[in-house]
Number of protein chains: 2
Amino acid sequence: MDPLADRYAARTHGMKSSEIRALFSVVSRPEVVSLAGGMPAVTALPLDVVGSMIGELVSGMGAQTLQYGSGQGDPRLRERICDVMALEGILDASPSEVVVTVGSQQGLDLVTRVFVDPGDTILAEGPSYVGALGVFQAAQAHVRHVEMDDDGLIPEALEQALLECRARGDRVKFLYTVPNYHNPAGVTLSEERREAVMAIAEQYDLLVIEDNPYGLLGFEHEPMRALRARNDERVIYLGSFSKTFSPGLRVGWVLAPLAVREKLVLATEAQVLCPPSLTQYAVARYLDTQPWQQQIKVFTELYRERRDATLESLAALMPRGTTWSKPDGGFYVWLKLPEGLDAKLMQPRAVAAHVAYVPGIGFYADGSGREHMRLSYCYPEPDQIREGVRRLARVIEAELDLHSTFGSVDTGTFRAVTSTPRPSSRSVYPPPVIGPANGAEGGEPAI
Amino acid sequence: MDPLADRYAARTHGMKSSEIRALFSVVSRPEVVSLAGGMPAVTALPLDVVGSMIGELVSGMGAQTLQYGSGQGDPRLRERICDVMALEGILDASPSEVVVTVGSQQGLDLVTRVFVDPGDTILAEGPSYVGALGVFQAAQAHVRHVEMDDDGLIPEALEQALLECRARGDRVKFLYTVPNYHNPAGVTLSEERREAVMAIAEQYDLLVIEDNPYGLLGFEHEPMRALRARNDERVIYLGSFSKTFSPGLRVGWVLAPLAVREKLVLATEAQVLCPPSLTQYAVARYLDTQPWQQQIKVFTELYRERRDATLESLAALMPRGTTWSKPDGGFYVWLKLPEGLDAKLMQPRAVAAHVAYVPGIGFYADGSGREHMRLSYCYPEPDQIREGVRRLARVIEAELDLHSTFGSVDTGTFRAVTSTPRPSSRSVYPPPVIGPANGAEGGEPAI
């Protein structure tokens, strides 16, 4: 019983725990191979060097690094951020258009707060980043998913969505898109489609939020030219150092036209006063003094090896009817189960078999995605990945056996059962204790 | 011209720059004595020791300190936070009820997001913390100020406000109060009034947000017993390490009943995913290994000296008719000008005379407070303070001379002139360039 239950804001009633947080207590068990979380391999950093660097920042510049800073963020860091964005073809960004944020998550939250009223519509890929869906839910926005394929967002589907929204009178505030190495889909928006998407944005007067945490983490080719590089008026760009340096520093940024930047600074001042000074100085100093582009190569080599382990194991072990995306960068593979299987219902059995993934429904605002799961290869070592995929393959095979024994079970029936394992399967896979979703002590966030 | 002007959210139109941010470019000029900002004296910390400590955290524990953490915050830090709160009589707090936030500013923002719908009413002292007013404005809440005097919030005024709100049908979501060394009023809620306020809260079913960044910074006596120590069901407590350790780490917290804590964790996950790991580990390690209570004594001795310099100078130099609060802790003196003077209108003349303060109107949601100003003694050295007060006294005297020359000018006339200095005074004080409010490069936030 919550004695304050009757006085929460309307937005609070819609808040719910993500599919990823529900896995907290599971993925931290050492016997479980977690293909669930999106934690970068920070131990590949030269920790001694970074440690000395940060220690010296405090000893030598404590009056700045331990003091309040400006709401917009450290000017020196904002300059260096412009250098980083230049790698993706954004050559005209000015430090005055950059707002430093507590991770790009805060950037997205600020943009959403500045633009979105309850009931507004946001277009987003289907599937879409789970943390973005959390922001949109808290903003009481309606999310309209736009279909994607191996080349990313489908322009015709975007246009169709815009026409439908226009016909219904929906107020579309923006398109939210992750063009590079999509989380969770693992696909990248092709060059032709980038042009097509921006042409549609122009034609339909659409604002585009380009969320790009993975853009520099490609395995096969140079970074692609950002949407923001093609249009500086209708693209707001979100960047992050979480995947190229460290997520524990929580340093991200927004690049926005000056008028929007002004609103974002007011919004961030109301939210956190200013981002932490120490972490901003740490990133700026790292970019100034360390071979950060070489370090990104170290990261991508490591992730490429893990991606290879994942794709090879999947090809060798997955039962017929299972399909998956083939990412050429980033952290994620998006897997589709053989027809009739449900990743959410299967999850307790997978955890009992000591492998964890994130069920696909977490990446949709509309309840679809049950036949999908996200596999992250960024954190486990290749051998663990192979073992994890082996366990997962066995779970899927057992699930298929159940199907052939009990006959084809339609998805509707699965849905009605919600997350409790079917009684018939209990004897096969003892249901483990998952959760409590909100009693988390430690664990990883919804990335 | 802002091409996106027609698509902002309703809340965005109400956002405006604070009175403090408008002073950015002024207070950073070396010839100006700033009594405006609330920056703690971080150079009084043992910077070498803190630097080594943080450097070792990264070198030795990079896998944790540079990695994502949980949305609720580091469990070890939450334990130590409970120890800190025990100093103010909160003996029953559990780490599971604590949410670590990016400064207590984020804590207040989260609480407001969880409870407040547009149009809801929030009760707050008059004057109230400017950063809180920014949060409430962004939440589209109505702020009803409650009068205070030298003993803090007046219980009878609180009851009167509640009755009026009830009669009008206003949805009062909570009372926001800073009971210790109030920002900006400099006063502390007396023991009797703490009991009276909590009795009223009980009687009127009122939720209380206790914001307590300064509670351990008393000059004359032991910390007072927190409101939260008297009632664990209807008080949500906000704490901060910004004034007892470092604001640049941005580590604060919320202590809330479990059901509310659950909502706060969901809200913070949507906002920032998780607070920075490095800064949390830094604070926890600092509390674990450094003589932090002794360091607080170092801080309070230093602030006491600056408070003394302020009060002595004010007593010696201020013209008759000027009055001010006598804080026995914290950072601020609240000054009332002689009748007929307006701190906002006087500001350009003060800056021309090389002294800065924050006009009182920044601390009211309803436009009152023009006869007041906030003086901060936390940052400048005692000699600077004395010089600043001397300059301020001269400005006020000149202002009074103008009044006697031109006859009594009523406040209404002043108001109509807004912030442009009256032409008649231009020859006396050349108006300096203040601003641009939103073009800030660096500077300090609204504290």
### Query
Given a strict heavy-atom distance threshold of 4.5 Å, which part of T101(A) is in contact with chain B: side chain, backbone, both, or neither?
neither

### Message
I need the residue from V135(A), V272(A), L278(A) with the largest number of non-hydrogen atom pairs under 4.5 Å to chain B.
### Response
V272(A)

## Note on the structure
Okay, L45(A) and chain B: the region with an atom under 4.5 Å from a heavy atom over there is side chain

### Task
Could you check which of L66(B), D109(B), D48(B) has the highest count of heavy-atom pairs closer than 4.5 Å to chain A?
L66(B)

### Task
Keeping the roles fixed (side chain from Q72(B), backbone from V98(B)), state whether a donor-acceptor pair exists under 3.5 Å.
yes

### Query
If you count heavy-atom pairs under 4.5 Å with chain A, which of I54(B), T43(B), V114(B) comes out on top?
V114(B)

### Exam field: side chain Q137(B) to backbone G14(B), donor-acceptor pair closer than 3.5 Å
yes

### Message
Donor-acceptor pair, distance only, cut-off 3.5 Å: does the side chain of S104(B) make one with the backbone of G252(B)?
### Response
no

### Query
Under the side-chain contact (heavy atoms from CB on, under 4.5 Å) criterion, do F331(B) and N183(B) qualify, and how do the steps go?
CA-CA 8 Å; F331(B) 286 7; N183(B) 177 359; over 6 Å; no

### Message
T268(A) and side-chain contact (heavy atoms from CB on, under 4.5 Å): which single residue from V100(A), L110(A), L273(A) fits?
### Response
L110(A)

### Task
Give the C-alpha distance, both sets of side-chain angles, the deciding distance and a yes or no for salt bridge (charged side-chain N to carboxylate O under 4.0 Å, His left out) between D2(B) and K263(A).
CA-CA 11 Å; D2(B) 178 359; K263(A) 309 290 187 195; 5.7 Å; no

### Task
Given side-chain contact (heavy atoms from CB on, under 4.5 Å), test S277(B) with Q64(B) step by step and report yes or no.
CA-CA 7 Å; S277(B) 300; Q64(B) 291 81 45; over 6 Å; no

### Query
Any side-chain donor-acceptor pair under 3.5 Å between Q295(A) and Q290(A)?
no

### Task
Side chain from CB out, backbone as N, CA, C, O: work out which of these in T65(A) comes under 4.5 Å of a heavy atom of chain B, or both, or neither.
backbone

#### Entry: Part of T112(B) lying under 4.5 Å from any heavy atom of chain A
backbone

### Query
Just wondering, are more than 12 heavy atoms of other shown residues or ligands nearer than 6.0 Å to OH in Y379(A)?
no

### Message
If I measure from the heavy atoms of chain B, does D205(A) come under 4.5 Å with its side chain, its backbone, both, or neither?
### Response
both

## Note on the structure
Looking only at L4(B), D120(B), V42(B), L258(B), most heavy-atom pairs under 4.5 Å shared with chain A are made by V42(B)

### Task
Kindly indicate, with the supporting measurements, whether the criterion side-chain contact (heavy atoms from CB on, under 4.5 Å) is fulfilled by V116(A) and F136(A).
CA-CA 9 Å; V116(A) 178; F136(A) 303 153; over 6 Å; no

### Message
Under a 3.5 Å distance rule, please check whether R250(A) uses its side chain to pair with a backbone N or O of P275(B) as donor and acceptor.
### Response
no

### Query
Judged by atom type as modelled, is there a donor-acceptor pair below 3.5 Å linking the side chain of S94(B) to the main-chain atoms of S96(B)?
yes

### Best-contacting candidate, G134(B), G60(B), G62(B), against chain A by heavy atom pairs under 4.5 angstrom
G62(B)

### Toward chain A, the part of R171(B) with a non-hydrogen atom under 4.5 Å
neither

### Query
What option among Q106(B), R113(B), Q280(B), M15(B) has the most heavy-atom pairs under 4.5 Å with chain A?
R113(B)

### Message
Heavy-atom pairs under 4.5 Å with chain B - which of A10(A), G55(A), A9(A), A270(A) has more of them than the others?
### Response
A9(A)

### Query
Counting heavy-atom pairs under 4.5 Å to chain A, which of A267(B), S246(B), P3(B) comes out on top?
S246(B)

### Query
Which region of P46(B), side chain (C-beta onward) or backbone (N, CA, C, O), has a non-hydrogen atom less than 4.5 Å from a non-hydrogen atom of chain A, or is it both or neither?
neither

### Message
If I measure from the heavy atoms of chain B, does T279(A) come under 4.5 Å with its side chain, its backbone, both, or neither?
### Response
side chain

### Message
With a 4.5 angstrom heavy-atom cut-off, is it the side chain or the backbone of A5(B) that approaches chain A, or both, or neither?
### Response
neither

### Query
Tell me, side chain or backbone of A132(A) under 4.5 Å from chain B's heavy atoms, or both, or neither?
neither

### Summary
Counting heavy-atom pairs under 4.5 Å with chain B, the top scorer among M53(A), R11(A), R234(A) is R11(A)

